[in-house]
Amino acid sequence: MKKTVLILFVLFLVFSGFLHSRISVDITLNALISNVDLVEEFVNSIKLNLKDRGVLFTPPFTDRVLLSFLDKKDRFELRISINEKNFFTKSFTSEEYRAVSYSSYLNIMESLALSGIKNLLPGNELRLTYYDSVNEYPYFDSHYLYFISDRLTGNTNIFFRDMDDMKIGMVEMPLSAEAFPVTSNGEIYFLKIAVENPEICRMISGSQTSSYSKVILKGDISCLRECGNRIYASVENGIFAYDDQKNIWNSVFELKKSERIQSFDISGNSMVISVLKESQYDVLLVDMKKKDVVELISTPYNEMDIRISKDANEMAFSSNKFGNYDIFLLDIDTGLETRLTKKDSDDFYPCFTTNTGSLVFSRYERNSEPFLVAVAY
């Protein structure tokens with residue numbers, strides 16, 4: 001019976017991979033408990049959930065995934081290892097087969113996909129998130145990928161994946177909407193979106209996961225960024241830097257009162273700003289040391305959600321130049337512009353990855369929740 005379950009499980013994964021991907025995955029199912037029906041129920045529930053959700057197991061490269069079940073008296077424990085490294089452990093009751101199997105399966109897919117970013121060839125895309133939930137505002141620091149999602153709880157929370165071992169963590173929030181997670185000096189900052197007054201908040205170190213303090217900045221906050229372990233925010237027509245020692249915000253740049261900032265980013269002495277001019281958003285390049293301002297992009301279209309590379313040589317942005325919103329890359333020195341995405345969808349919030357030569361962004365397809373995608377350049 002055990003061999004039959006194992007064979008069916010492997011054949012199912014290899015078959016789905018053969019149809020939808022040129023790369024299969026070597027799966028070993030090691031049932032350490034006497035209840036074979038539990039293992040069979042686990043496999044069947046995976047198949048059922050994948051069929052219902054339309055999600056397929058198509059990792060970007062081959063890995064060895066080991067699923068082990070341990071009998072813990074009144075509970076069971078599932079342990080998942082990828083390439084002999086512990087990846088995921090979940091304790092559950094016999095009534096929780098389907099939920100555990102579905103969550104575990106998608107977790108494996110996301111881990112393998114994120115591991116595959118470094119193998120992407122220029123122009124190729126790779127889907128990174130598979131939960132049927134909101135996945136927005138990607139941000140990378142030196143160790144983690146941060147993003148906002150309402151998976152598992154139904155309420156948006158901050159999720160983060162360790163880019164070394166691919167384990168995922170969550171900072172659970174009270175009922176609210178969050179945006180722009182960034183880190184500075186080991187602290188997580190984010191924008192708490194309210195109907196009238198958005199608030200910038202900071203997680204309290206060593207506290208419970210839902211505990212945070214408000215870093216008050218009054219006004220219409222449109223964007224939150226980090227550069228050189230400093231937090232910056234845009235409010236209407238101005239950009240401010242946070243002094244965490246004095247708990248105050250200092251003005252660093254200001255546009256005309258009639259202009260409004262959609263997004264911005266900073267690297268070294270260079271700052272790029274997406275600003276509303278007349279009826280569309282254009283891009284300004286600011287030398288913060290010299291206070292020089294030049295018009296970087298001016299078109300009849302919108303150039304939004306801008307990000308600048310760490311060396312300040314390239315800028316990523318979203319634009320509706322071809323109808324729907326695509327992701328573009330601009331060489332700031334030469335002015336050469338490259339269209340990176342060409343799908344029938346709207347792509348927003350591009351973010352440079354850490355040392356992989358790719359961007360991660362949120363894709364919005366019709367009748368689908370936004371999911372994260374990587375594209376190499």
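Worth knowing before you read on, the calculation uses all heavy atoms, side chains too, and leaves out hydrogens, waters and symmetry mates.
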Trainee: Does this structure show an ion pair linking R260 with D220, if we count only N-O contacts that are shorter than 4.0 Å?
Mentor: yes
Trainee: Where do Y146 and I188 land on the side chain to side chain contact (heavy atoms under 4.5 Å, CB included) test, with the steps shown first?
Mentor: CA-CA 10 Å; Y146 294 83; I188 301 175; 3.9 Å; yes
Trainee: Going from CG on L145 to CG on L372, what distance comes out if it is rounded to the nearest 0.5 angstrom?
Mentor: 6.5 Å
Trainee: Same cluster or not: are F317 and V275 linked, directly or through other Ile, Leu, Val, Met, Phe, Trp or Tyr residues, by side-chain heavy atoms under 4.5 angstrom apart?
Mentor: no
Trainee: Between T156 and E178, do the side chains contain an N or O donor and an N or O acceptor separated by less than 3.5 Å?
Mentor: yes
Trainee: So, for S133 and S149, which heavy atoms are closest and what is the spacing to 0.1 Å?
Mentor: OG-OG, 3.5 Å
Trainee: Donor-acceptor pair, distance only, cut-off 3.5 Å: does the side chain of Q262 make one with the backbone of D305?
Mentor: yes
Trainee: Report yes or no: do D347 and S345 form a side-chain donor-acceptor pair below 3.5 Å?
Mentor: yes
Trainee: Answer yes or no: is there a donor N or O on one side and an acceptor on the other, between the side chain of D346 and the main chain of Y325, under 3.5 Å?
Mentor: yes
Trainee: Any side-chain donor paired with an acceptor under 3.5 Å for E226 and Y189?
Mentor: no
Trainee: When you look at NZ of K321, are more than 12 heavy atoms from neighbouring residues, nucleotides or ligands closer to it than 6.0 Å?
Mentor: yes
Trainee: Decide yes or no for L284 and L296: does some side-chain heavy atom of the first lie under 4.5 Å from some side-chain heavy atom of the second?
Mentor: no
Trainee: Is a side-chain donor or acceptor of T353 paired with a backbone partner of S358 at a separation under 3.5 angstrom?
Mentor: yes
Trainee: What is the minimum heavy-atom distance between G268 and C227, and which atoms define it?
Mentor: N-SG, 3.8 Å
Trainee: Are the side chains of L330 and V283 in touch, meaning some heavy atoms are under 4.5 Å apart?
Mentor: no
Trainee: Angle between ring planes, W249 versus Y242, binned at 30° and 60°: parallel, tilted or perpendicular?
Mentor: tilted
Trainee: Minimum heavy-atom separation for D141 and H143, please, with both atom names.
Mentor: OD1-N, 2.9 Å
Trainee: Apply the test side chain to side chain contact (heavy atoms under 4.5 Å, CB included) to residues F240 and I248: give CA-CA distance (whole Å), side-chain angles for both, the deciding distance (0.1 Å), then the verdict.
Mentor: CA-CA 10 Å; F240 299 82; I248 60 174; over 6 Å; no
Trainee: Mind checking the CD-OG spacing from E303 to S263? Nearest 0.5 Å is all I need.
Mentor: 10.5 Å
Trainee: Does the N237 side chain pair with the main chain of L255, one donor and one acceptor, at a distance under 3.5 Å?
Mentor: yes
Trainee: Shortest non-hydrogen contact from N247 to V215?
Mentor: OD1-CG1, 4.1 Å
Trainee: So, taking the atom named OG in S234 and the one named CZ in F253, what distance separates them when rounded to the nearest 0.5 Å?
Mentor: 12.5 Å
Trainee: Between atom CD1 of I221 and atom CD1 of I193, what is the distance when rounded to the nearest 0.5 Å?
Mentor: 10.0 Å
Trainee: Do Y139 and T183 meet the criterion of a side-chain donor-acceptor pair at a distance under 3.5 Å?
Mentor: yes
Trainee: Hey, are the side chains of T129 and R151 touching, using non-hydrogen atoms and a 4.5 Å cut-off?
Mentor: yes
Trainee: Between D282 and Q280, is any side-chain donor less than 3.5 angstrom from a side-chain acceptor?
Mentor: yes
Trainee: Would you mind checking if D162 and K167 are paired as a salt bridge, meaning a charged N to carboxylate O distance below 4.0 Å?
Mentor: no
Trainee: Would you check if L285 and V272 make a side-chain contact, meaning some heavy-atom pair closer than 4.5 Å?
Mentor: yes
Trainee: Within this structure, what is the CG-OH distance for the pair D265 and Y232, rounded to the nearest 0.5 Å?
Mentor: 11.0 Å
Trainee: Any side-chain heavy atom of T341 sitting closer than 4.5 Å to one from E125?
Mentor: yes
Trainee: For a side-chain contact (heavy atoms from CB on, under 4.5 Å) with Y377, tell me which candidate from N124, I327, L120, L340 qualifies.
Mentor: L340
Trainee: Say whether M315 and M271 are linked into one hydrophobic cluster, either directly or through other cluster members, by side-chain heavy-atom distances under 4.5 angstrom.
Mentor: no
Trainee: Answer whether the closest heavy-atom distance between the side chains of N135 and L128 falls below 4.5 Å.
Mentor: no
Trainee: Looking at every heavy atom in both F160 and M170, which two are closest together, and how far apart are they?
Mentor: CE2-N, 3.8 Å
Trainee: Heavy atoms only: give me the nearest L114-M166 pair and the separation to one decimal.
Mentor: CB-SD, 3.7 Å
Trainee: With ring pair (Phe, Tyr, Trp, His ring centres under 6.0 Å) as the test, pick out the partner of Y349 among F371, F147, Y137, F361.
Mentor: Y137
Trainee: Is there side-chain contact between M163 and T354, with at least one heavy-atom pair below 4.5 Å?
Mentor: no
Trainee: Is the number of heavy atoms from other residues, nucleotides or ligands within 6.0 Å of CG (N229) greater than 12?
Mentor: yes
Trainee: Once you round to the nearest 0.5 Å, how far does CZ of R161 lie from CD1 of I168?
Mentor: 4.0 Å
Trainee: Under 4.5 Å between any side-chain heavy atoms of R307 and R225, yes or no?
Mentor: yes
Trainee: Describe, in one word, how the ring planes of F348 and Y364 are oriented to each other, choosing from parallel (under 30°), tilted (30 to 60°) and perpendicular (over 60°).
Mentor: perpendicular
